[in-house]
Amino acid sequence: MDSAETHIQDKTLKAWRFLYRRGFIEGFGHISCRLPGSDQLLISRPSMGPRATTEDLLLFDLEGRKLAGKGDSPGEFPIHLEIYRARPDVGSVIHYHGLYATAFTTSGQTLRPIHVLGSIFNDGIPVYGDPRLVSNPQRGRALAL
């Protein structure tokens with residue numbers, strides 16, 4: 001692996017640890033990064049703990065074939081794969097079931113930004129309305145659109 005790929009691995013693990021230590025990922029969640037200039041992505045294995053290492057990352061191509069790493073991909077791998085396929089501008093995907101966000105999205109209420117950092121959502125916050133797991137390519141494509 002070259003230095004650019006090592007740098008992406010390091011940043012991915014740093015982001016994972018940040019999210020995990022702050023309670024955003026409560027046992028369920030995964031993170032992935034596109035390797036710049038390639039059709040490959042790194043994704044975390046299921047149930048990575050706070051001491052995640054490069055051994056916890058799997059390498060896939062955009063056809064969904066595992067190229068390197070030990071273990072299985074997360075059950076909702078199609079979220080990552082189909083977003084990368086539909087959006088070449090996306091460099092990273094984080095999927096987690098945050099307590100407050102999950103509770104709010106299931107309430108049917110409209111979430112409105114109340115802080116300056118939320119101003120990017122001035123036109124509204126998109127919510128994917130299908131509550132089923134995104135565990136196949138069809139659901140992944142629907143979410144990516």
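All residue numbers in this chain count up from 1 along the given sequence.
- For the residue pair Thr54 and Gln9, the shortest heavy atom distance occurs at CG2-OE1, 3.5 Å.
- What you find for Leu133 and Arg139 is that their closest heavy atoms are O-NH1, 2.9 Å.
- Between the side chain of Arg45 and the backbone N or O of Lys70 there is at least one donor-acceptor pair closer than 3.5 Å.
- The CD1 atom of Ile31 sits 4.0 Å away from the CD1 atom of Ile94 when rounded to the nearest 0.5 Å.
- A heavy-atom distance below 4.5 Å is not found between the side chains of Asp56 and Trp16.
- Ring-plane geometry between Phe77 and Phe60 is classed as tilted, the angle between the planes lying from 30 to 60 degrees on a 0 to 90 degree scale.
- Ile114 CD1: 12 or fewer foreign heavy atoms inside a 6.0 Å radius.
- Remark: Thr6 OG1 to Lys11 NZ distance equals 13.5 Å, nearest 0.5 Å.
- Closest heavy-atom contact between Ala52 and Leu13: CB-CD2, 3.9 Å.
- Checking side-chain atoms of Ser44 against main-chain N and O of His30 turns up no donor-acceptor pair under 3.5 Å.
- When every heavy atom of Pro78 is checked against every heavy atom of Ser135, the shortest pair comes out as CG-C, 3.7 Å.
- Put simply, the side chain of Leu62 reaches to within 4.5 Å of the side chain of Arg34, judged on heavy atoms.
- Separating the CG atom in Leu19 from the NZ atom in Lys14 is a distance of 12.5 Å, to the nearest 0.5 Å.
- Put simply, the side chain of Arg141 never gets that close to the backbone of Glu82: no donor and acceptor are under 3.5 Å apart.
- Of all the heavy atoms in Cys33 and Ile8, the pair that sits closest is CB-CG2, 3.8 Å.
- Side chain of Lys66 to main chain of Asp72: no donor-acceptor pair is present (N/O by atom type, distance under 3.5 Å, no hydrogens or angles).
- Scored by the side-chain hydrogen bond (donor to acceptor under 3.5 Å, both in side chains) test, Asp61 finds Arg65 as partners (sequence neighbours excluded).
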Exercise. Between Leu35 and Leu59, does a side chain to side chain contact (heavy atoms under 4.5 Å, CB included) hold up when you go through it step by step?
Worked result: CA-CA 9 Å; Leu35 294 180; Leu59 180 66; 3.6 Å; yes
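- Across all non-hydrogen atoms, the minimal contact from Leu81 to Gly64 is CD2-CA, 3.8 Å.
- Hydrophobic clustering places Tyr128 together with Tyr84 (ILVMFWY residues linked when any side-chain heavy atoms are closer than 4.5 Å, directly or through intermediates).
- Atom NE2 of His80 and atom CG of Leu42 lie 12.0 Å apart (nearest 0.5 Å).
- For Asn122 (side chain) and Ser119 (main-chain N/O), no donor-acceptor pair under 3.5 Å exists by modelled atom type.
- From Leu58, atom CG reaches atom OG of Ser32 across 11.0 Å, with rounding to the nearest 0.5 Å.
- Under the 4.5 Å side-chain heavy-atom criterion for ILVMFWY residues, a single connected hydrophobic cluster contains both Val93 and Leu143.
- Classified by interplanar angle (parallel below 30°, tilted 30° to 60°, perpendicular above 60°), the ring pair Phe24/Tyr96 is perpendicular.
- Enclosure of atom CD in Gln138 by more than 12 non-hydrogen atoms of other residues, nucleotides or ligands within 6.0 angstrom is indicated.
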